[in-house]
Amino acid sequence: MNINPIRIRSIIGWFVTSLILTNCNLSNEEKENSMSTPDPHSFSQPQQSVITHLDWKANIDFDKKTINGEAKYRIKSSKSASYIILDTKNLSIESVTNGNNESLEFQIGEKVESLGSPLKIAITPQTRELNIKYQTSPNAEALQWLKPSQTAGKENPFLFTQSQAILARSWIPVQDSPGIRFTYGADVKVPSHLLALMSADNPTKLRSDGNYHFEMKQPIPAYLMALAVGDIKFQSLGKRSGVYAEPSMLQKSANEFEDLENMISAAENLYGPYQWDRYDLIVLPPSFPFGGMENPRLTFATPTILAGDKSLTSLVAHELAHSWSGNLVTNATWDDFWLNEGFTVYFEYRIMEAMYGRPYSEMLSLLSYQDLNDEVKEMIDNGEAEDTKLKLNLIRRNPDDGMTAIAYEKGYFFLRLLDEKVGRQKFDDFLKTYFSQNAFKVMTTEEFVIALKRDLFDAYKIDWDQSIIDNWVYGVGLPQNCPLPVSDKFTIVDEAREQWMIDEDPESLDEKYLTYQWSTHEWLHFLRTLPDSLNQEQMSALDNGFGFTQSNNSEITAAWLMHVVKNEYTPGYNKLETFLVNTGRRKFLTPLYKALILTANGKQMATDIYKKARPNYHFVSYSTMDELLKN
Ligand code: BES
Ligand code: ZN
């Protein structure tokens with residue numbers, strides 16, 4: 001029998017820990033400290049002791065689906081510090097020592113739903129360094145270990161992380177709060193035929209020994225820690241940008257992102273220099289649960305944006321924009337999430353406008369407006385009106401609950417309103433200063449409102465009613481004065497749809513409305529504004545006329561499949577199943593499964609498909625679908 005010494009030691013560690021824990025009641029002083037913790041989603045108490053730098057050593061074990069890690073921290077403590085608290089989730093802590101290699105007493109507190117467990121380590125004010133040896137669990141929530149069959153190449157396994165919002169703690173013991181920044185270095189060992197990449201400076205070539213070294217010199221919060229390992233190749237796109245992907249996806253990816261270098265320049269022209277040196281993208285396997293993730297220096301992206309015609313690259317503009325809004329100026333807690341996402345959507349559309357013109361960005365904006373209206377209505381109907389405020393209150397909840405159209409779209413429209421009220425020039429000057437003055441800092445909603453008043457309205461002597469701001473930021477629903485995007489392109493689509501509703505002849509639309517020239521966004525508008533209920537003849541006419549079931553564009557497919565599901569259009573069922581089984585992007589999955597379980601035979605179908613699909617999904621997606629499809 002093979003006895004793994006690390007396991008035994010960690011089992012003993014757990015045993016000792018639980019012994020300590022039974023005697024571990026927080027003193028009153030400690031309780032007070034923890035209550036004044038500004039971030040309700042982290043156990044850390046930075047006012048006691050805070051991490052400033054991480055040196056991470058890790059061995060990536062694809063067979064066991066574990067990471068054996070050593071996290072060495074530099075810390076800064078208050079004069080009376082007697083402990084430091086890190087966040088952990090399902091980690092086996094093997095040992096904790098200080099810089100002199102002396103053991104430090106530690107205890108792992110009770111596990112709290114979605115937060116994990118605090119790791120409390122005894123220190124003195126003189127302790128400068130911590131060294132934690134640990135192992136991740138095979139079910140670590142940030143990590144997705146893909147079998148070769150789940151990759152494009154089918155021959156090698158793949159690993160990627162998704163740390164936002166609070167999953168970094170499932171692969172590194174860390175103070176996992178957006179308000180705590182640290183620099184890092186890493187030494188990562190992977191199987192020698194695989195490449196490792198992080199949110200740091202990255203290799204472009206395989207190293208024969210499988211040892212990779214990384215440095216992230218700018219301080220970042222834990223949610224931006226990222227790692228990807230696989231059969232990955234690199235292609236340069238310009239002097240400071242490039243794309244990584246599995247070999248068979250590389251050329252397609254490089255073509256899609258051809259304009260990346262221009263996009264970076266467009267962003268810099270708006271809000272000042274790009275501060276992270278390089279900007280690369282990695283196209284991940286299709287199970288990646290998001291469209292994109294703004295990991296610094298290396299955006300993680302879903303392959304579902306490879307439409308072949310660059311029509312879905314606003315997502316890249318979005319992740320790039322986070323290099324300012326989010327990565328440079330960071331939401332203090334997840335209650336301030338709109339400061340990350342609303343600013344980023346605003347910035348994204350400004351980049352798209354600069355590159356492809358106002359009529360293009362107005363299509364994106366109008367699609368957002370419709371999403372926002374639908375979601376606000378749905379949230380209010382569901383008794384979730386409180387969550388329609390920009391400033392959220394997610395205490396004792398999963399920060400994931402804040403990932404709605406409110407942070408993104410309501411946030412965007414608030415900034416657009418300000419832009420329209422004060423004028424572009426002034427608003428842009430204000431934002432540029434805001435990003436440079438707050439670079440590498442955190443921002444709360446309250447501080448932003450103060451800055452807005454001081455640096456925009458007062459500075460330019462512009463009258464503005466405070467109650468309008470308060471209503472947007474702290475009020476529910478969508479205020480009456482929400483700007484309305486204008487799109488002539490969509491007006492034509494509206495006419496075409498009306499026409500089609502009368503004669504149901506796709507050919508006549510082609511001639512009159514030049515549908516063969518429509519972009520993805522026009523098709524999305526067309527599909528989203530069709531009536532919910534269509535008969536089989538209408539569905540066939542649409543499908544035969546426009547080839548929706550055959551579309552290779554993921555956004556068009558997802559919008560079409562909503563009609564397939566709602567109208568039980570059986571010729572679309574194969575595509576539905578293939579799409580749900582092979583795509584892990586939650587934004588597509590949630591509405592489709594939701595619609596499916598509302599139809600007559602849909603519940604059974606959803607269950608059957610989900611059984612096949614679930615092993616392909618990342619934790620982020622399967623936890624949402626588990627909830628949706630339970631019982
Ligand atoms: N940072 C987000 C993704 C995220 C948010 C992950 C919260 C976990 C918790 C990313 O920048 C994002 O917003 N992605 C969007 C794309 C975008 C174009 C709206 C997505 O994945 O759909
Ligand atoms: Zn974002």
Side-chain angles (χ1 to χ4, degrees), residues 41 114 141-142 144 160-170 176 178 199 220-226 263 279 281 283-284 286-296 298-305 307 311-331 333-352 361 364-365 367-368 371-372 375 392 394 397-412 415 520-521 524 554-555 558 583-591 618-621 623-624:
H41 298 110
S114 80
E141 292 172 354
Q144 191 174 12
F160 69 81
T161 62
Q162 169 56 44
S163 297
Q164 196 182 11
I166 55 169
L167 303 179
R169 60 192 70 177
S170 75
D176 193 5
S199 49
I220 61 163
Y223 79 87
L224 296 176
M225 291 298 298
M263 221 178 231
Y279 182 83
L281 285 161
V283 175
L284 292 164
S287 66
F288 186 59
F290 293 108
M293 177 64 214
E294 66 272 26
N295 296 316
L298 183 67
T299 282
F300 282 22
T302 169
T304 62
I305 55 168
S311 64
L312 303 178
T313 52
S314 60
L315 183 133
V316 175
H318 178 98
E319 305 313 332
L320 172 65
H322 272 305
S323 308
W324 287 258
S325 43
N327 298 3
L328 214 51
V329 184
T330 308
N331 52 205
T333 73
W334 300 116
D335 289 343
D336 305 298
F337 185 51
W338 79 278
L339 292 179
N340 273 21
E341 297 300 341
F343 275 67
T344 297
V345 172
Y346 178 81
F347 196 167
E348 168 194 347
Y349 294 172
R350 292 294 305 276
I351 294 172
M352 295 314 274
S361 61
L364 302 177
S365 183
L367 289 170
S368 279
D371 283 347
L372 177 59
E375 200 158 334
L392 297 168
L394 297 169
R397 292 168 62 191
N398 191 325
D400 217 35
D401 292 358
M403 208 189 171
T404 69
I406 299 304
Y408 287 79
E409 267 77 49
K410 187 178 174 183
Y412 158 71
L415 297 175
T520 299
H521 314 292
L524 285 177
S554 63
E555 292 281 352
T583 316
R585 187 174 172 187
R586 186 171 63 175
K587 176 185 108 162
F588 292 146
L589 304 179
T590 308
H618 182 277
F619 166 79
V620 161
S621 290
S623 59
T624 303

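We count ligands from 1, going down the list as the structure has it; atoms in each ligand are counted the same way.
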**Student:** Heavy atoms only: which of Glu341, His318, Arg585, Glu294 lies closest to atom 17 (C) of ligand 1?
**Tutor:**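 Selected option, by shortest heavy-atom distance: His318.
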**Student:** Exactly one of Thr302, Thr590, Thr304 should register a side-chain hydrogen bond (donor to acceptor under 3.5 Å, both in side chains) with Arg585. Which one does?
**Tutor:**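 By the side-chain hydrogen bond (donor to acceptor under 3.5 Å, both in side chains) criterion, Arg585 pairs with just one of Thr302, Thr590, Thr304: Thr304.
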**Student:** Write out the residue and atom name of the closest protein heavy atom to atom 19 (C) of ligand 1, then the distance separating them to 0.1 Å.
**Tutor:**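 Closest protein heavy atom to atom 19 (C) of ligand 1: Tyr408 CE2, 3.6 Å.
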**Student:** Please classify the Gln164 to ligand 1 contact at 4.0 Å (heavy-atom distances, strictly less than): side chain, backbone, both or neither.
**Tutor:**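 Both the backbone and the side chain of Gln164 come within reach of ligand 1.
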**Student:** Whether the His318 and Glu348 side chains hold a donor-acceptor pair (N or O, under 3.5 Å, no angle test) is what I'd like checked.
**Tutor:**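 The answer is yes; a qualifying pair exists.
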**Student:** Look at ligand 1 and say whether Arg586 reaches it with a heavy atom at a distance under 4.0 Å.
**Tutor:**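 So Arg586 does not count as touching ligand 1.
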**Student:** Check His322 and report its N/O/S atom nearest to the Zn ion (ligand 2), by atom name.
**Tutor:**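 His322's closest N, O or S atom to the Zn ion (ligand 2) is named NE2.
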**Student:** Checking Ser163 against Thr161: is there a side-chain donor and acceptor pair closer than 3.5 Å?
**Tutor:**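 Judged by distance alone, the side chains do not pair up.
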**Student:** Check whether any side-chain heavy atom of Ile220 sits under 4.5 Å from a side-chain heavy atom of Asn327, and report yes or no.
**Tutor:**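 Of all side-chain heavy-atom pairs linking Asn327 with Ile220, none is under 4.5 Å.
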**Student:** Give the atoms of ligand 1, by number and element, whose distance to some non-hydrogen atom of Gln162 is under 4.0 Å.
**Tutor:**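 Reading through ligand 1 atom by atom, the close ones are 6 (C), 8 (C).
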**Student:** For Phe337, state whether at least one heavy atom is located under 4.0 Å from any atom of ligand 1.
**Tutor:**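 Yes, Phe337 has a heavy atom closer than 4.0 Å to ligand 1.
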**Student:** Between His322 and Ser325, is there a donor-acceptor pair closer than 3.5 Å when you use the side chain of the first and the backbone of the second?
**Tutor:**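 Confirmed, His322 side chain pairs with Ser325 backbone.
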**Student:** Starting from atom 20 (C) of ligand 1, which protein heavy atom do you reach first, and at what distance in Å?
**Tutor:**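 Among all protein heavy atoms, the one nearest atom 20 (C) of ligand 1 is Gly291 N, 3.4 Å.
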**Student:** Answer yes or no: is there a donor N or O on one side and an acceptor on the other, between the side chain of Ser199 and the main chain of Leu224, under 3.5 Å?
**Tutor:**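 Flag set: sc Ser199 to bb Leu224 pair under 3.5 Å.
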**Student:** With a 3.5 Å distance limit and no angle check, can you tell me whether Thr333 reaches the backbone of Asp335 through a side-chain donor-acceptor pair?
**Tutor:**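 Looks like yes, one N/O pair under 3.5 Å.
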**Student:** Around atom 10 (C) of ligand 1, find the nearest protein heavy atom and jot down its residue, atom name and distance.
**Tutor:**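 Of the protein heavy atoms, Gly292 O, 3.2 Å lies nearest.
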**Student:** Does the gap between the ring centers of Trp338 and Tyr412 come in under 6.0 Å?
**Tutor:**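 Aromatic pair excluded; centres sit 6.0 Å or further apart.
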**Student:** Given atoms OE2 of Glu341 and NE2 of His318, what angle do they subtend at the Zn ion (ligand 2), to the nearest 10 degrees?
**Tutor:**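 Rounding to the nearest 10 degrees gives 150°.
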**Student:** Write out the residue and atom name of the closest protein heavy atom to atom 15 (C) of ligand 1, then the distance separating them to 0.1 Å.
**Tutor:**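 For this ligand atom, the closest protein heavy atom is Glu319 OE2, 4.2 Å.
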**Student:** Taking distance alone, with N or O pairs closer than 3.5 Å, would you say His322 contacts ligand 1?
**Tutor:**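 Yes, since at least one N or O of His322 sits under 3.5 Å from an N or O of ligand 1.
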**Student:** Which ligand 1 atoms are under 4.0 Å away from a heavy-atom of Phe290?
**Tutor:**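 Listed by number with element, the hits are 6 (C), 8 (C), 21 (O).
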**Student:** If the condition is ring-ring contact (aromatic ring centres under 6.0 Å, His included), which residues does Phe290 pass it with, not counting sequence neighbours?
**Tutor:**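 If we apply the ring-ring contact (aromatic ring centres under 6.0 Å, His included) test to Phe290, skipping adjacent residues, there are no hits.
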